Amino acid sequence: MENLLKDFEVPPKKASEEALRRWRKAAWVVKNPVRRYRFVADLDKRNEGEAKRLKIQERLRVCLYVHKAALTFIDAVPSGREEYTLPEEFKRARFLIHPDELASVVGQHDFRRLKTHGHLDGICKQIRSSLSEGIITDDLSVRQKLFGFNKYEEKPSRTFLMFFFDALRDLTLIILIICAVVSITVGLATDGWPEGLYDGLGIVLCILLVVIVTAVSDYKQSLQFRDLDNEKKKILVQVTRDGYRQTIFIHDLVVGDVVHLSIGDQVPADGLFISGYSLSIDESSLTGESEPVNVSTEKPFLLAGTKVQDGSAKMLVTSVGMKTEWGRLTETLNQGGEDETPLQVKLNGVATIIGKIGLGFAILTFLVLLARFLIGKAVHGGILHWSFNDALSILNYFSISVTIIVVAVPEGLPLAVTLSLAFAMKKLMNDKALVRHLSACETMGSASSICTDKTGTLTTNHMVVNKIWICDVIKSSMDVCKDLSSVMSETVLNILIQCIFQNTSSEVCRSKEGKMTILGSPTERSGCEIIKVEPFNSVRKKMFVLVSLKEGGFRAFCKGASETVLQMCDRFVDNAGNCVPLSENKANEIMDVVNSFACGALRTLCIAFKDIERTSKDDDIPANGYTLVAVFGIKDPVRPGVKEAVETCISAGITVRMVTGDNINTAKAIAKECGILTDGGLAIEGPVMARSSPTDKHLLVNHLRKMYGEVVAVTGDGTNDAPALHEADIGLAMGTGTEVAKENADVIIMVDNFTTIINVAKWGRAVYRNIQKFVQFQLTVNIVALILNFVSACVTGTTPLTAVQLLWVNMIMDTLGALALATEPPNEEMMRKPPIMWRNILGQVVYQLVVLGVLMFDGKRLLNISGSDASSILNTFIFNTFVFCQVFNEINSLEMESINVFPGIFRSWMFVAIISSTVVFQHSTLSWQLWLVSVLIGSVSMIAAVILKCIPVERGNRSLGDGNGYQPLPPVQKEFEHLVETKTGRCTKPDSF
């Protein structure tokens with residue numbers, strides 16, 4: 001089978017165009033390309049969009065760089081701005097500038113036109129805003145009407161009728177409709193009204209039912225994806241409105257809003273820089289240039305869609321939505337759709353192979369029926385005499401053959417993956433996990449390694465100071481407030497307070513209720529002018545603030561990782577409150593304090609200061625010569641349920657690795673508490689695991705994937721985590737993380753909880769298991785229907801299953817079967833062992849063929865059926881029995897390994913509804929005795945399933961990624977010890993890996 005599917009293999013991420021085109025070419029047996037490929041990327045349209053995007057980027061690059069250079073060196077050239085008349089509606093609303101003019105000034109970085117309008121303050125007055133208070137909320141509707149909404153053009157949603165006509169474009173159904181029309185025409189000519197209508201009208205009504213059910217299923221699926229797309233676009237931004245800070249959705253942003261930007265944010269609209277520190281912008285998404293741009297009051301232009309690489313700032317919004325260059329560019333970004341998932345591609349391959357077999361059987365069945373018919377006419381001497389009834393017989397043979405193709409080609413197989421993934425994505429959204437890419441949910445089911453952050457994921461991210469070292473004394477949180485003032489002088493206390501409140505990126509803001517609120521990271525929530533700020537990031541592991549002192553001079557404050565800050569200090573504050581030299585022995589003593597805090601699962605933080613006589617904004621803040629003030633031990637408790645979730649992962653064969661920037665001892669203590677660090681485990685300091693940088697995380701992910709063939713999921717929240725999130729098979733961004741991290745992730749964990757990550761893994765495995773259930777059910781129906789009709793055609797010259805009956809079976813098997821089995825929720829069993837699918841399929845096929853074969857050849861005698869309509873009654877009984885065999889086999893498919901299938905019946909209301917409707921609509925003219933016998937024969941398939949599940953089968957050594965199973969991975973500890981020692985010469989054990 002693997003050799004047959006070699007053209008149907010694509011990676012879960014970054015698939016080449018060659019691989020995508022190869023499988024499309026191989027999948028030629030398709031009844032309805034429009035429906036089958038609805039969730040498949042249109043590569044030609046994607047290439048058109050890419051070409052358009054590059055053209056826009058090139059124009060922007062020329063506009064931004066050549067135009068700026070020209071304005072700088074050719075002052076004599078007039079601006080070329082055309083005068084315009086401001087519309088009356090703007091004048092009535094007291095706006096003094098047109099949105100096109102605003103877009104042109106900022107979009108083209110036109111300094112002279114900005115100067116013409118009075119720089120930032122002039123623009124602010126013209127759009128009736130305040131740099132400190134923001135806009136008034138009452139003006140929102142007017143601003144949106146005149147300046148536009150901050151939304152981008154989207155394709156209109158598809159209506160139900162579109163899906164209805166898509167379902168009708170099935171080639172086999174079109175052929176059957178033509179056959180039905182011909183049948184009605186000939187039937188009316190021969191049998192008259194209304195008898196001549198029955199056969200053809202039955203086919204038409206059955207086709208209509210199939211199309212309606214298919215369209216309803218597809219339409220509901222599209223609504224689910226639309227909801228998911230809307231959820232992805234809900235980006236939160238911080239603004240100042242009505243004089244207080246508030247959080248709004250990006251789509252609610254209007255011209256005049258004052259937006260607060262921080263590292264990792266996406267610039268939500270075009271605007272002008274108001275104030276900020278060390279603001280560095282990545283404009284590569286717009287211009288293609290990788291070099292970051294420094295933005296300041298001298299270079300105030302900010303463009304929508306760009307990313308904040310470093311620093312923080314406030315900006316004034318000048319253009320929104322389609323008035324921005326990003327708005328015009330977004331039209332090209334999603335053209336062509338999203339790449340198909342590996343499971344979708346593989347099941348397209350399975351559908352193609354089965355379709356080829358079914359096509360062969362259909363042709364053979366038609367040829368056998370036609371040959372027997374012609375031989376019969378020749379034997380009876382009527383080969384030259386033809387009637388309407390003869391034409392109807394041949395047309396009926398053709399209809400049956402086409403219907404065999406309808407049943408044989410499992411068009412719903414690839415679409416069942418999409419249905420299952422859409423269902424899983426919707427449920428995960430309810431569990432606070434937003435799946436951005438369809439393939440991620442599927443790939444997470446085959447994850448063999450999870451590299452997780454510590455803070456906020458394994459822990460609660462609620463920071464509380466537990467211990468403090470200051471003036472050579474250690475105090476716990478219980479007695480800090482009472483006794484801290486007794487161990488230090490007032491001068492030291494003032495310096496400590498300055499270090500805490502000046503050396504922070506937190507802000508004190510007024511809330512809507514008038515209360516003062518502190519905004520900032522949880523680590524920081526705990527009368528000098530700020531000259532310069534170098535914000536904290538995961539590479540530096542420290543931050544600096546330079547302030548001017550009232551008494552003259554300057555003071556630099558530093559805060560960061562204990563080892564990093566301690567190396568910058570050459571003095572410390574002793575127990576007398578004096579700044580004394582820091583000897584090597586004393587540094588070692590303080591380092592022992594740091595380690596003792598860390599071994600108690602505390603996150604350590606050092607603060608220090610340095611007085612400077614003279615400096616300027618252009619000078620770098622000094623990186624040495626500091627005086628150490630204090631060491632803090634901060635407690636961040638482990639989240640409830642994390643240890644149990646880790647145990648679930650281990651039992652499912654998933655290795656959990658903690659990757660953190662914290663001290664090695666803190667990492668070890670937390671890892672032991674979570675159950676990650678076990679006896680004989682490995683804790684590494686340096687390039688991976690503890691005190692790791694984002695580059696180290698990328699290195700770890702890369703080695704796990706390429707050297708050991710693992711399927712790696714990795715969590716991240718910072719801008720610098722983006723490469724690792726992009727490299728991993730599944731990138732998991734935290735909901736509180738930066739927009740850059742979210743954009744590079746496949747799944748956004750909205751609640752920053754490790755148990756949510758396990759839910760994603762469970763639903764990923766549920767997708768695999770549900771598809772296996774559906775394949776097991778559908779292949780059983782396929783094989784039995786094909787062999788039954790073909791053998792009957794060869795032996796008797798007729799088929800027991802008519803075209804109408806086969807269409808009904810196709811609807812049960814395809815659309816309703818997918819809805820029933822592909823939407824099952826996960827259970828604990830699927831996290832422990834893989835199912836055996838082929839054993840169940842072969843067993844059920846043998847049972848059904850034996851039973852139906854006996855009925856077909858000896859049914860009249862066994863059931864004591866006689867009379868002129870005996871053949872018709874027997875065929876109806878065979879059909880009824882066949883359907884009930886599938887109904888009970890559908891129930892069997894709920895549990896592929898467990899003998900007791902009944903608990904699974906009530907896990908999904910959808911399954912109960914579909915089974916009930918199948919039974920209710922299974923109407924026939926049989927007596928109640930024959931009905932009961934057919935139900936009893938069908939129910940025996942459940943006994944057969946129990947016997948089959950008791951047959952021991954050796955499990956192959958395959959992974960879930962191959963679609964059949966999963967097992968614990970072999971340890972890779974020795975290889976990683978070698979990797980770490982090779983790169984750094986440092987390795988600590990026995991600990992966590």
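In this text the structure is predicted, and so the values were computed from the model without any measurement. Numbers here are sequence positions counted from 1. Side chains are part of it too, since the values below use all heavy atoms of this structure and drop only hydrogens, waters and symmetry mates.
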Stepwise side chain to side chain donor-acceptor pair (under 3.5 Å) test for Glu442 and Gln344
CA-CA 10 Å; Glu442 172 191 312; Gln344 282 176 317; over 6 Å; no
Steps toward ring pair (Phe, Tyr, Trp, His ring centres under 6.0 Å) verdict (Trp763, Tyr768):
CA-CA 9 Å; Trp763 274 105; Tyr768 273 101; over 10 Å; no
Under the side-chain contact (heavy atoms from CB on, under 4.5 Å) rule, what do Met942 and Val946 come out as? Steps first, then yes or no, please.
CA-CA 6 Å; Met942 296 189 71; Val946 172; 5.9 Å; no
Could you walk me through whether Lys762 and Thr648 pass side chain to side chain donor-acceptor pair (under 3.5 Å), step by step?
CA-CA 10 Å; Lys762 284 182 178 179; Thr648 301; 5.5 Å; no
Would Val775 and Leu347 satisfy side-chain contact (heavy atoms from CB on, under 4.5 Å), going step by step from the backbone distance to the final call?
CA-CA 9 Å; Val775 169; Leu347 288 180; 4.2 Å; yes
Just do the side-chain contact (heavy atoms from CB on, under 4.5 Å) check on Phe160 and Val216 with the steps written out, would you?
CA-CA 7 Å; Phe160 173 76; Val216 168; 3.7 Å; yes
Show, in sequence, the C-alpha distance, side-chain angles and deciding distance for Leu894 and Phe777, and conclude whether the side-chain contact (heavy atoms from CB on, under 4.5 Å) test is met.
CA-CA 10 Å; Leu894 279 173; Phe777 169 68; over 6 Å; no
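A donor-acceptor pair is defined here as one N or O able to donate and one able to accept, closer than 3.5 Å; such a pair exists between the side chain of Arg839 and the backbone of Leu948. A donor-acceptor pair is defined here as one N or O able to donate and one able to accept, closer than 3.5 Å; no such pair exists between the side chain of Ser217 and the backbone of Val213. Of the possible polar contacts, none joining the Arg769 side chain to the Gly764 backbone as a donor-acceptor pair under 3.5 Å is found. With hydrogens and angles ignored, the 3.5 Å screen pairs no side-chain donor or acceptor of Ser872 with any backbone N or O of Asp869. Between the side chain of Lys773 and the main chain of Ser893, no donor-acceptor pair closer than 3.5 Å is present. Under a 3.5 Å cut-off, the side chain of Ser420 and the backbone N or O of Val417 do not form any donor-acceptor pair. In terms of modelled atom types and a separation under 3.5 Å, the side chain of Gln844 and the main chain of Thr780 share no donor-acceptor contact. Side-chain atoms of Lys949 come within 3.5 Å of backbone N or O of Glu895 as a donor-acceptor pair. Asn889 places no side-chain N or O within 3.5 Å of a backbone atom of Cys885 that could act as its donor or acceptor partner.
The local environment of NZ in Lys427 is sparse, with at most 12 non-hydrogen atoms from other residues, nucleotides or ligands closer than 6.0 Å. Within a 6.0 Å radius of CG in Asn864, no more than 12 heavy atoms belonging to other residues, nucleotides or ligands are found.
Separation of atoms CD1 (Ile357) and CG (Leu786) is listed at 8.5 Å; rounding is to 0.5 Å. Note: Leu855 CG to Asn880 CG = 11.5 Å, rounded to the nearest 0.5 Å. Note that the CG atom of Leu926 and the OG1 atom of Thr876 stand 5.5 Å from one another [nearest 0.5 Å]. The distance from the CG atom of Leu369 to the OG atom of Ser393 is 10.5 Å, given to the nearest 0.5 Å. In this structure, Phe888 CZ and Ile937 CD1 are separated by 11.5 Å, a value rounded to the nearest 0.5 Å. The CD1 atom of Ile787 lies 13.0 Å from the OG atom of Ser792; values are rounded to the nearest 0.5 Å.
Inter-residue side-chain proximity for Leu168 and Ile177 is flagged as met; some heavy-atom pair is nearer than 4.5 Å. Residues Gln929 and Val933 fail the side-chain proximity criterion, which asks for heavy atoms closer than 4.5 Å. Residues Leu936 and Phe884 fail the side-chain proximity criterion, which asks for heavy atoms closer than 4.5 Å. Using a 4.5 Å heavy-atom cutoff, the side chains of Leu421 and Leu343 are not in contact. For the pair Val781 and Phe882, the minimum side-chain heavy-atom distance is below 4.5 Å. In this structure, Phe857 and Val791 have side chains that are in contact, with non-hydrogen atoms separated by less than 4.5 Å. A 4.5 Å side-chain heavy-atom check between Gln886 and Gln848 finds at least one atom pair inside the cut-off. Looking at heavy atoms from C-beta onward, Ile899 lies in side-chain contact with Cys950 at the 4.5 angstrom threshold.
Taking all atoms of both residues into account, the shortest heavy-atom contact from Trp931 to Val919 is CH2-O, 4.4 Å. Shortest non-hydrogen contact noted between Lys860 and Ser871 is NZ-OG, 2.9 Å. Minimum interatomic distance between Cys441 and Val767 (heavy atoms only, all atoms of both residues): SG-CG2, 4.4 Å. The minimum heavy-atom distance linking Phe790 with Val368 is given by the pair CE1-CG2, 4.5 Å. The minimum heavy-atom distance between Leu930 and Phe877, with the atom names listed, is O-CE1, 3.1 Å. Summarising the geometry of Ser401 relative to Thr365, their closest heavy-atom pair is OG-C, 4.3 Å, with the distance given to 0.1 Å.
Between Phe8 and Trp23, the two ring planes are tilted [angle within 30° to 60°].
For Phe366 and Tyr397, the ring centers sit 6.0 Å or farther from each other.
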